[in-house]
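A short write-up of the structure that comes next.
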Amino acid sequence: MDTLNRNALTVLQPGFTGTTPPDWLLRRLGEGLASVGLFGRNIASPEQLAALTARLRAERPDVLVAIDEEGGDVTRLEVRTGSSFPGNLALGTVDDTALTRAVARELGRRLAACGVNLNWAPSADVNSDPDNPVIGVRSFGADPALVARHTAAYVEGLQAAGVAACTKHFPGHGDTAVDSHHDLPRIDADLATLQARELVPFRAAVAAGTKAVMSAHILLPALDPRLPATLSPAALHGLLRAPVTDGGLGFDGLVVTDGMEMRAVADAYGIERGSVMAIAAGADAICVGGGLADEDTVLRLRDALAGAVRSGELAEARLADAAARVRALARWTSGAGAVLEGTAPAPEVGLEAARRALRVTASAGYEPPAGPVYVAAFTPVANIAVGDETPWGVAAELARLLPGTRTGTYGRETAGAQAVVEAAGERRIVAVVRDVHRHEWMAKALTELLAARPDTMVVEMGLNQSPPTGALHVATHGAARVCGTAAAEVVAGVR
């Protein structure tokens, strides 16, 4: 295959379906494809994942195997059980950078043991809008300096395990009220605000040596009034790549796009034209495969990029430079695996962090339940980044700690105090909520429930923006499995 087509394949990071790599994917690795993206649908167990990545490396030893493993609410490694690690907001709440570094290192160790060497994490977004529908607990917090120090610690910990970090979502997705999976968010902050808020954590990540940065499909008119950051030379070349002396971040590593099939880009430009524009703007790797995970998508994008070079729309040198950056990161990861030798596992660090992140408020005279409880889980629609496959809550752990515990799930149409009280009977009620401040129906149901049963205990597993309510209020700052375990321990009175 000619150099142009090889380079076009090299800059793609596609996904696939199934738990074994299909023949078409292995064939394209032999033709120049250098990266593969994994999602929850590809993972059944650590052993299966290790076998999958070994098969990929049998075809191409230096392949980049990428995954979206933030820990916390967004997990692919433990998509069917919930994460062993709390997410960013819990870590930011504890505000111990040594703990954040240790969590990231252990997460990286587990990824590396399965053959994964590029993680689309951490999220460096400053969650300045508490109504943000897509970031929330995925952010370390709302303070730029706090987010910056924990972003740097996370990058250091992850890369100490030999897994390249991909800091996201540049230039910052925290001040948005729109999910870019569905539409194009717009941030109207001026340049001074962006420099003082959004860009602070990204500068820290670059200083910490992050190997990659992921661009966001967001419009920032102060940078570019027309193009979202992923497609904007002003954002990628003029800000991310520009020297620090010129007000840029001076980043010289790999720039990865967010998923190109997300509607913020796909609806306006299509994935083929969008991919050409992204590479021309300064991106080096095209992430695709969350929704479009087939050989036809790979060939369409390969041909679109090669065709754009032939037509003069995309400079051949720019495509070659992007491909060279992909290969450079592949070389780094190939040599980084040795760092794990002699590294002791830290299996309890996630639960330790989750316990330390809890914020507990109890009413005067509160007593833990003496027997089984009724768990009422008020369940909002999950955002696409989190997905609805991953279990969350406290019911499973409370059933273990308090045998006989029962549970019910309530949504917008079914939530109501009377239904919960009738289902609970004589049992104490544990109301589990997630971002109650963002969901009017949830707040109303909770208020009515507390009026009917004041001894109700409340566990908030999202952003803790509302005042503590109930006989006991436990804020977990995330919905990872370990967050549920830590909260259940408090509810049951064992900690």
Side-chain angles (χ1 to χ4, degrees), residues 73 86 89-90 93 130-131 136-137 354-380 391-412 414-495:
D73 290 31
L89 184 61
T93 299
D131 290 330
V137 297
R355 287 168 173 162
R356 289 178 62 184
L358 295 182
R359 296 296 180 265
V360 180
T361 306
S363 60
Y366 167 78
E367 293 289 339
V373 297
Y374 181 76
V375 179
F378 294 98
T379 306
W392 66 284
V394 300
E397 185 66 11
L398 279 176
R400 186 184 71 82
L401 295 172
L402 301 173
T405 289
R406 294 170 50 203
T407 187
T409 301
Y410 302 87
R412 179 187 295 272
T414 57
Q418 183 175 350
V420 175
V421 169
E422 289 177 358
E426 297 300 314
R427 289 177 170 85
R428 293 274 297 277
I429 297 171
V430 180
V432 183
V433 296
R434 196 169 181 176
D435 291 337
V436 69
H437 70 285
R438 291 185 51 237
H439 303 284
E440 185 177 350
W441 65 268
M442 192 185 298
K444 181 175 182 292
L446 183 61
T447 298
E448 292 173 352
L449 178 59
L450 290 169
R453 291 283 295 268
D455 63 345
T456 293
M457 298 161 280
V458 179
V459 178
E460 168 61 86
M461 303 196 77
L463 203 63
N464 189 36
Q465 289 294 116
S466 302
T469 53
L472 176 76
H473 186 277
V474 183
T476 64
H477 306 98
R481 174 171 52 83
V482 287
C483 295
T485 297
E489 293 172 341
V490 171
V491 170
V494 300
R495 284 189 65 86

Minimum heavy-atom separation for [X] to [Y], with atom names?
| X | Y | result |
| --- | --- | --- |
| A431 | L446 | CB-CD1, 3.9 Å |
| S466 | H437 | OG-CB, 3.6 Å |
| W392 | P380 | CZ2-CD, 4.3 Å |
| L472 | Y366 | CD2-OH, 3.4 Å |
| V420 | F378 | CG2-CZ, 4.2 Å |
| E460 | V433 | OE2-O, 3.3 Å |

Distance in Å, [X] [atom1] paired with [Y] [atom2], rounded so as to fall on 0.5 Å steps:
| X | Y | atom1 | atom2 | answer |
| --- | --- | --- | --- | --- |
| H473 | M457 | NE2 | CE | 13.0 Å |
| L398 | E489 | CG | CD | 10.0 Å |
| R427 | R453 | CZ | CZ | 11.0 Å |
| Q465 | D435 | CD | CG | 9.0 Å |

Exercise. Got a donor-acceptor contact below 3.5 angstrom from the T405 side chain to the P372 backbone?
Worked result: no
For this session: Could you tell me whether the side chain of R359 and the main chain of N464 form a donor-acceptor pair under 3.5 Å?
Result: no
Exercise. According to the interplanar angle, ranging from 0 to 90°, do the rings of Y374 and Y410 count as parallel (below 30°), tilted (30 to 60°) or perpendicular (above 60°)?
Worked result: perpendicular
Exercise. Below 4.5 Å, heavy atoms only, C-beta onward: do C483 and M461 meet side chain to side chain?
Worked result: yes
Exercise. With a 4.5 Å heavy-atom cut-off, do L358 and T476 have their side chains touching?
Worked result: yes
For this session: Determine the sole option in T456, L402, L401, V394 for which the side-chain contact (heavy atoms from CB on, under 4.5 Å) test with V373 is passed.
Result: L402
